[in-house]
Amino acid sequence: MATRPPHLCLCGKIVPAEQRCACQVVRDRTRKARFDKTRPSARERGYDSKWQRESKAFLAMPQHHHCACGCGRLANMVDHIVPHRGDKRLFWDHANWQPMAASPCHSSRKQRQERQL
């Protein structure tokens with residue numbers, strides 16, 4: 001397998017293959033912080049005590065013990081297959097729920113998929 005050559009960042013620095021320039025990391029953190037200031041809290045988005053109860057019961061079912069991605073890890077959170085984007089009907093639709101391991105499955109793979117939607 002051939003290795004990829006370094007690439008030139010928009011800031012003018014040469015960055016090793018498969019890495020991101022420090023300026024891009026800082027820019028992404030700044031953008032995320034700006035977005036998080038305007039984002040409703042988890043409770044305001046529906047992740048309240050009822051959600052805690054329902055998701056815990058969902059994960060307690062034998063068929064939901066392992067991560068849906070197939071990695072073999074134990075699931076420790078419930079993920080919405082189709083992002084609900086505030087739609088309460090979709091939020092509470094158990095057919096739209098899947099068991100996931102928070103890291104790395106939900107934290108990276110799933111988040112990357114959702115950004116592409």
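The model shown is predicted, which means the values in this text are computed figures rather than measured ones. Here, residue 1 is the first one in the sequence, and each next residue gets the next number.
Residues Glu54 and Trp97 are in side-chain contact: their nearest non-hydrogen atoms beyond the backbone lie under 4.5 Å apart. For the pair Leu74/His66, a side-chain contact is recorded, criterion being any heavy-atom separation below 4.5 Å from C-beta on. At a threshold of 4.5 Å between non-hydrogen side-chain atoms, the residues Arg73 and Pro104 count as touching. Using a 4.5 Å heavy-atom cutoff, the side chains of Trp92 and Lys50 are in contact. With a 4.5 Å cut-off on side-chain heavy atoms, Cys69 and Met100 count as touching.
Both tests hold for Lys88 against Phe91: distance to the six-membered ring centre under 6.0 Å, angle to the ring axis within 45°.
Distance alone, capped at 3.5 Å, is enough to place a donor-acceptor pair between the His65 side chain and the Ala60 backbone. Formation of a donor-acceptor pair under 3.5 Å by the His80 side chain with backbone atoms of Val82 is not found in this model. A side-chain donor-acceptor contact under 3.5 Å links His64 to the backbone of Phe58.
When all heavy atoms of Cys9 and Cys21 are compared, the closest pair comes out as SG-CB, 3.6 Å. In this structure, Pro5 and Ala17 approach most closely via the heavy-atom pair O-CB, 3.6 Å. The two residues Ala95 and Ile81 come nearest to each other via the heavy atoms O-CD1, 3.7 Å.
Note that the CD atom of Glu18 and the OG1 atom of Thr3 stand 9.5 Å from one another [nearest 0.5 Å]. To the nearest 0.5 Å, the span separating NE2 on His84 from CZ on Arg89 amounts to 13.0 Å. The line from NZ of Lys32 to NZ of Lys37 is 12.5 Å long, rounded to the nearest 0.5 Å. Note that CG of Asp36 is 13.5 Å distant from CZ of Arg29, once rounded to the nearest 0.5 Å.
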Note to self: Test side-chain contact (heavy atoms from CB on, under 4.5 Å) on Leu59 and Asn76; report intermediate values, then the result.
What the structure shows: CA-CA 7 Å; Leu59 292 174; Asn76 58 359; 5.6 Å; no

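A 6.0 Å sphere centred on CG of Leu8 holds more than 12 heavy atoms belonging to other residues, nucleotides or ligands.
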